[in-house]
Number of protein chains: 2
Amino acid sequence: MKIDIGMSPRKRPSLVEQVRESLLGDLTSGKLTPGAKLPNENDLADRFGVSRSTIREAVGGLMDAGYLARRHGSGTYVTSSPRTRHPLETTVSYTAMIRASGRKPAETVVSKVVRAPAAEERELLRLSDGDSVIDVERVRFADRRPVIYSRDRIPVALLGDSSDQALDSSLYAILARSGHPVASATAQLIPTLAGAKLSRLLMVKRGTPLLHIDQVDYDERGQPVMLSHEWHVADAFDLVVNRRTSPASEDA
Amino acid sequence: MKIDIGMSPRKRPSLVEQVRESLLGDLTSGKLTPGAKLPNENDLADRFGVSRSTIREAVGGLMDAGYLARRHGSGTYVTSSPRTRHPLETTVSYTAMIRASGRKPAETVVSKVVRAPAAEERELLRLSDGDSVIDVERVRFADRRPVIYSRDRIPVALLGDSSDQALDSSLYAILARSGHPVASATAQLIPTLAGAKLSRLLMVKRGTPLLHIDQVDYDERGQPVMLSHEWHVADAFDLVVNRRTSPASEDA
DNA sequence: GAGTGGTCTAGACCACCGT
DNA sequence: CGGTGGTCTAGACCACTCC
């Protein structure tokens, strides 16, 4: 129940990560097929030359990721349906996502300005007087079809020198290079309708259903580093959430 | 502080759970306020009379739930925004959710039938020949306003004797009593528009934006136990997803 | 009853943060 | 530097499943 998010510069992978990678390899290579039973934890510990706790943590991560399921008293088994399409609960570069779905990604920058923040932006980004934000409006395409309109705002103070390096790379990459890699985010999902502007930009009829995603991105320290507004064409992606019953469930 | 209704056989909470509950109490009671620093792990271990690993697991759970944040080399701190509105990534009873938001929950059963499964249902629920499903259509209200229309299908074979006990309790509770508590789920989110039927049931205009949630619930063994189709009125809830960067992130 | 995962301990050393 | 969380070990006992 703890996925390692460590994403900073290269460092020697922990034993847990090494074991997890190794098992994941067996899973994706087909060496371990759905329904198969894993060796028991003591055997795995011996095989990898680590302690049982290490094995348990590695296997635990693969459970969280949905690859494995433990059955108390019985064994650990390979899940029948390893993965889902696009898990919303992890942040991904849309460019990578479109490419992964076998389509050709493209994007156009509608506007890019540096300006003073609006009141809401000041609050959400915890800005001080005089701080300004860079505001980027883009439309993303998949196979020449517009699928997402987005508006991202980042405090210029965070970017240091990199504020000029345009948008050759994703904003996530730029933030990471600036020492503020996005570690988590909170997104609110709102179904809405295409109005005049969005229908033009996304080339859909007015009144077409869109999914509006209103997101705040945080770095490892919990500092807000980016505000995103996105409007998704309904059928462009399979937006999926993997849900679990809350461990600390209240009594209702 | 231990009621034990008729749920699964009573068992003593693990030390981890006890520690977690205790810390959670401090958090919700305001004893620990946002930004506050927790005692270090060794101190906590001494105070609770458990090992440091136990403390770490308890704290880890509260991190996952968003209450605490660890900073390597610095300490463990109370999150500034304890919890967000309605985290989509955990499954909740809507009745409880509506009540938690300070509104009065109600529901009407539109229909409830036992029938043979459709092809898609047979596949998703992994049914065999002759298996049938119970199909429940409901509308949920918050303060007398309809907010969700749902259609849930459960294999009758799973319910045992409880198939008759109507819907006095939530379907989650019924499944739990039948030995198949929902442990995880996969939900697909699709923005859509209210058509004739939904506009009538949810008392909105045709063409009103709705969020369609198409969900499969699984028990601890990974066996699918319920299929849900839900249509949410856009502004009824704040649907929120807490996202994190994927551990194995691609370069984009 | 044999075998499996579930929980827990006590202690060690490492990596990072701050002063 | 001292204090903190991060990783890992070796071993113990418990709880569940299945034969």
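Here is the naming used below: chain letters follow the sequence lines, and residue numbers restart at 1 for every chain. In this text the structure is predicted, and so the values were computed from the model without any measurement.
- Dense packing is recorded around CZ of Arg115(B), with more than 12 heavy atoms of other residues, nucleotides or ligands lying under 6.0 Å away.
- For the pair Glu41(A) CD and dT4(C) P, the interatomic distance rounds to 10 Å; values are reported in whole Å.
- Of the listed nucleotides (dG6(D), dT7(C), dT9(C)), dG6(D) has the atom at the smallest distance from the side chain of Arg52(B).
- Phosphate contact (OP1/OP2 of dG6(D), side-chain N/O of Arg70(B), threshold under 4.0 Å): present.
- Taking the side-chain contact (heavy atoms from CB on, under 4.5 Å) definition, one finds that Asp46(B) meets it with nothing, sequence neighbours left out.
- With distances taken from any side-chain atom of Lys37(B) to the nucleotides dA12(D), dT4(D), dG5(D), the minimum falls on dT4(D).
- Not counting sequence neighbours, the partners of Asp152(A) by the salt bridge (charged side-chain N to carboxylate O under 4.0 Å, His left out) test are Arg138(A).
- If you find the closest nucleotide of DNA chain D to Tyr77(A) and to Ser51(A), the one lying nearer the 5' end belongs to Ser51(A).
- Just one residue in the list Arg151(B), Arg153(B), Lys112(B) forms a salt bridge (charged side-chain N to carboxylate O under 4.0 Å, His left out) with Asp135(B), and that residue is Arg151(B).
- As a whole-Å value, the separation of Glu57(A) CD from dT7(D) C1' is 8 Å.
- Not a single donor-acceptor contact under 3.5 angstrom links the side-chain atoms of Arg71(B) to the base of dG6(D).
- In this structure, Gln18(A) places its CD atom 13 Å from P of dT7(D), rounding to the nearest Å.
- One distance of note links CG of Asp26(A) with CD of Glu21(A); it measures 11.5 Å at 0.5 Å rounding.
- Between the CD1 atom of Ile55(A) and the P atom of dA10(D) there is a distance of 12 Å, given to the nearest Å.
- Between Arg56(A) atom CZ and dG6(C) atom C1' there is a gap of 6 Å when expressed in whole angstrom units.
- Rounded to whole Å, atom P of dG6(D) lies 13 Å from atom CG of Asn42(B).
- By the criterion of a centre-to-centre distance under 5.5 Å and near-parallel planes under 30°, the ring of His72(A) forms no stack with the base of dG6(C).
- Leu15(A) places its CG atom 15 Å from the C1' atom of dA15(C), with the value rounded to the nearest Å.
- Annotation: of the two residues near DNA chain C, Asp43(A) and Gly73(B), the 5′-most nearest-nucleotide partner is Asp43(A).
- Place Gly75(B) and Ser53(A) on DNA chain D by their nearest nucleotides, and Gly75(B) ends up nearer the 5' end.
- Residue Ser74(A) has no polar side-chain atom (N or O) positioned under 4.0 Å from OP1 or OP2 of dC16(D).
- The residue Ser14(B) sits close only to the backbone: its heavy atoms come under 4.0 Å of sugar-phosphate atoms, none of a base.
- Nearest nucleotide to the Asn40(A) side chain, out of dG5(D), dG5(C), dA10(C): dG5(C).
- Contact between the side-chain N/O atoms of Thr54(A) and the OP1/OP2 oxygens of dT7(D) is not found at any separation under 4.0 Å.
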